[in-house]
2 protein chains.
Amino acid sequence: MAKKDPVSVREALRIGKAGRPDPGSFPVGPHKKPKALKELAESGGKLAELQEALYAEGVGGGRRSLLLFLQGMDTSGKGGTVGHVLGLVNPMGVRYTGFKKPTAAEGRHHYLWRIRQQLPAPGQVGVFDRSHYEDILVPRVRKLVPAAEWRKRYAEINEFERELTDAGTTIVKVFLDISPEEQLKRLKARLETPAKWWKYNPADLDARAQWNDYQKAYADIFAKTSTEAAPWYAVPADHKWYRNWLVAWLLIETLQSMDPQFPRAGFDPETELKKLEGVGVPG
Amino acid sequence: MAKKDPVSVREALRIGKAGRPDPGSFPVGPHKKPKALKELAESGGKLAELQEALYAEGVGGGRRSLLLFLQGMDTSGKGGTVGHVLGLVNPMGVRYTGFKKPTAAEGRHHYLWRIRQQLPAPGQVGVFDRSHYEDILVPRVRKLVPAAEWRKRYAEINEFERELTDAGTTIVKVFLDISPEEQLKRLKARLETPAKWWKYNPADLDARAQWNDYQKAYADIFAKTSTEAAPWYAVPADHKWYRNWLVAWLLIETLQSMDPQFPRAGFDPETELKKLEGVGVPG
């Protein structure tokens with residue numbers, strides 16, 4: 001069975017005062033690729049089972065949902081994580097949203113407006129590929145609005161996330177942590193492979209040039225918005241196979257702690273079975 | 001490699017004047033479960049690759065998308081098909097919508113209103129689990145509106161779907177065809193398994209009692225709405241493993257005929273590679 005390690009992945013990755021593990025390190029779980037891949041494949045059934053129970057709970061009138069945030073520098077593997085980890089569960093229960101640069105229409109609203117449109121329904125697993133944290137990161141690093149403006153967003157976001165968790169949404173905020181050396185390799189690979197050109201944007205280089213500013217902005221985000229209700233986890237992401245294993249287990253542990261329940265029957269199964277026999281087979 | 005059979009799945013399943021294959025029959029492709037499962041697993045990569053190209057095309061400014069409709073009697077396997085077939089591709093590119101009984105708010109709009117809200121964006125694979133065809137089926141069988149009302153919907157729907165295909169959406173309409181005997185088994189299994197109770201609704205028995213009325217309503221839908229632009233396919237669905245293989249290959253063949261293209265670079269890769277080296281690694 002996958003994950004014999006007794007250490008909780010959530011505990012190991014939760015961002016606290018101790019700083020973050022190195023992007024190339026293995027703070028918990030399997031350290032070797034073949035083992036991690038085998039365990040991830042085995043974990044698929046467990047994750048799918050828990051997700052199905054959450055979905056069923058929602059159909060039965062439950063209000064709970066799960067919301068995964070994926071943040072990270074370009075090439076950190078947000079799309080790959082969605083494919084390899086969320087790809088393990090039934091797409092019926094997954095609601096994926098990629099937040100790009102706000103459109104002109106979105107920009108006329110409060111920055112949380114478009115986020116609210118995409119919240120998961122009861123029973124769903126929502127996935128935010130980037131999120132309202134971009135509304136602190138980008139304005140700060142690129143000096144697009146006065147500092148007072150983005151600074152007040154920490155508290156606003158904590159308030160907003162508290163509102164979500166109060167309403168039954170469990171939030172898992174993941175920072176996919178890659179090193180600048182690994183990013184260099186991945187950007188090169190994108191530029192050298194025509195089938196990957198669509199993933200490349202010349203603006204990625206501007207963001208890379210401001211690497212340290214982004215890291216500083218992220219550090220402040222973690223310090224100010226990693227709350228009990230909505231904690232941040234740092235996932236060492238230089239190794240894709242390890243990143244996938246970690247995110248899968250963050251979700252499994254979170255769902256296990258939610259302990260979703262298949263709903264009781266809103267009917268009497270015995271009576272229905274008898275009625276079913278009575279309906280007969282048309283022909 | 002999967003599918004050595006030279007017969008096109010789309011040709012074999014397309015609903016025409018010849019009537020539909022038996023729900024338990026094997027009109028095309030593998031007839032044995034182990035072979036079908038092996039081939040489906042092998043097809044996953046092909047489907048994922050084609051879907052990624054469509055997604056990339058969309059990122060590059062392409063307007064095309066794919067839209068799969070799943071219709072069928074209760075227990076015909078709409079959810080299972082989504083899990084086993086759409087689960088083979090990256091959830092980033094999939095937009096799933098389950099259409100249930102319209103809410104009071106939805107009911108105050110034209111029946112196509114809520115459908116339009118959920119159309120796939122360029123590059124996406126949309127999945128409609130039930131669709132506007134329910135707005136012919138249910139009112140007709142349950143006599144909820146005058147016949148003149150639902151009868152005019154055939155033409156309206158053809159018009160609507162033509163509008164979608166003109167705008168770049170390729171439509172694949174799938175009828176998951178199960179026999180009443182197989183439905184009996186599956187409803188029994190649901191009632192005998194507490195973890196499946198959430199899938200059961202006592203109203204399913206009313207629909208089963210009207211089996212022949214629904215079949216007749218479906219037959220008219222196929223006759224009137226299987227157009228060149230948006231054809232209907234009948235998938236024999238008594239065997240789940242066969243159903244999954246068929247839907248996977250309907251999607252693969254459709255995507256192959258669309259021949260999605262990775263976009264050209266909107267930049268000069270050589271120049272970008274040089275710039276990338278220049279950015280250096282921050283320290």
Side-chain angles (χ1 to χ4, degrees), chain A residues 48 52-53 55-57 59-60 79-80 82-84 86-96 98 127 129 180-181 183-184 187-188 191-192 194-202 205 208-212 215 262-267 269-270 272-273 275-283, chain B residues 48 52-53 55-57 59-60 79-80 82-84 86-96 98 127 129 179-181 184 187-188 191-192 194-202 205 208-212 215 262-267 269-270 272-273 275-283:
Chain A
E52 191 190 4
Y55 187 86
E57 187 185 278
V59 171
V82 174
H84 290 280
L86 280 306
L88 298 169
V89 309
N90 192 320
M92 277 178 78
V94 177
R95 177 166 179 169
Y96 167 88
V127 182
D129 178 346
E181 295 79 10
Q183 191 194 49
L184 179 67
L187 286 174
K188 260 191 190 166
L191 285 166
E192 287 164 353
K196 288 186 178 177
W197 284 344
W198 65 277
K199 296 185 183 186
Y200 182 84
N201 188 325
L205 294 190
R208 179 170 169 78
Q210 293 178 297
W211 186 277
N212 292 333
Q215 294 291 319
F262 285 101
R264 294 178 192 203
F267 49 83
E270 288 303 319
E272 293 298 315
L273 271 167
K275 277 167 65 185
L276 174 59
E277 300 288 355
V279 170
V281 178
Chain B
E52 191 189 4
Y55 187 86
E57 187 185 279
V59 171
V82 175
H84 290 280
L86 280 306
L88 297 170
V89 309
N90 192 322
M92 275 179 79
V94 177
R95 178 167 179 167
Y96 166 87
V127 182
D129 177 346
S179 64
E181 295 79 10
L184 179 67
L187 287 173
K188 262 192 189 163
L191 285 166
E192 288 164 352
K196 288 185 176 178
W197 284 344
W198 66 276
K199 296 186 183 186
Y200 182 84
N201 187 324
L205 293 190
R208 178 170 169 79
Q210 293 179 297
W211 185 278
N212 292 334
Q215 295 292 317
F262 285 99
R264 295 180 191 199
F267 48 84
E270 288 303 319
E272 293 298 315
L273 271 167
K275 276 169 65 186
L276 174 59
E277 301 288 356
V279 170
V281 177

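To find a chain, count down the sequence lines: A is the first, B the second, and so on, and within it residues start at 1. Keep in mind that the numbers below use all heavy atoms, side chains included, and drop hydrogens, waters and symmetry copies.
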#### Entry: Interchain contact, B:Val82 with chain A, by part (heavy-atom threshold 4.5 Å)
both
#### Entry: Between A:Val94, A:Asn201, A:Leu191, the one whose heavy-atom pairs under 4.5 Å with chain B are most numerous
A:Leu191
### Message
Counting heavy-atom pairs under 4.5 Å with chain B, which one of A:Pro263, A:Gly80, A:Pro202 comes out on top?
### Response
A:Pro202
### Flag side-chain contact, heavy atom, 4.5 Å: A:Leu276 against B:Arg208
yes
### Closest heavy-atom pair and its distance - A:Trp197, B:Arg264
CE3-C, 4.4 Å
### Query
Among B:Ala56, B:Ala48, B:Gly60, which has the most heavy-atom pairs under 4.5 Å with chain A?
B:Ala56
### A:Lys188: salt bridge (charged side-chain N to carboxylate O under 4.0 Å, His left out) partners, not counting sequence neighbours
B:Glu277
### Summary
Answer key: most heavy-atom pairs under 4.5 Å with chain A among B:Pro194, B:Gly266, B:Gly87, B:Ser179 is B:Gly87
### Task
Enter the distance from A:Lys199:NZ to B:Glu52:CD here, rounded to the nearest 0.5 Å.
5.5 Å
### Message
Within this structure, what is the CZ-CG distance for the pair B:Phe267 and A:Leu205, rounded to the nearest 0.5 Å?
### Response
10.0 Å
### Query
Looking at CZ of A:Phe262 and NZ of B:Lys196, how far apart are the two atoms once the value is rounded to the nearest 0.5 Å?
10.5 Å
### Message
Just so I understand: if I count every heavy-atom pair under 4.5 Å between each of B:Gly79, B:Pro91, B:Ala53 and chain A, which residue has the most?
### Response
B:Pro91
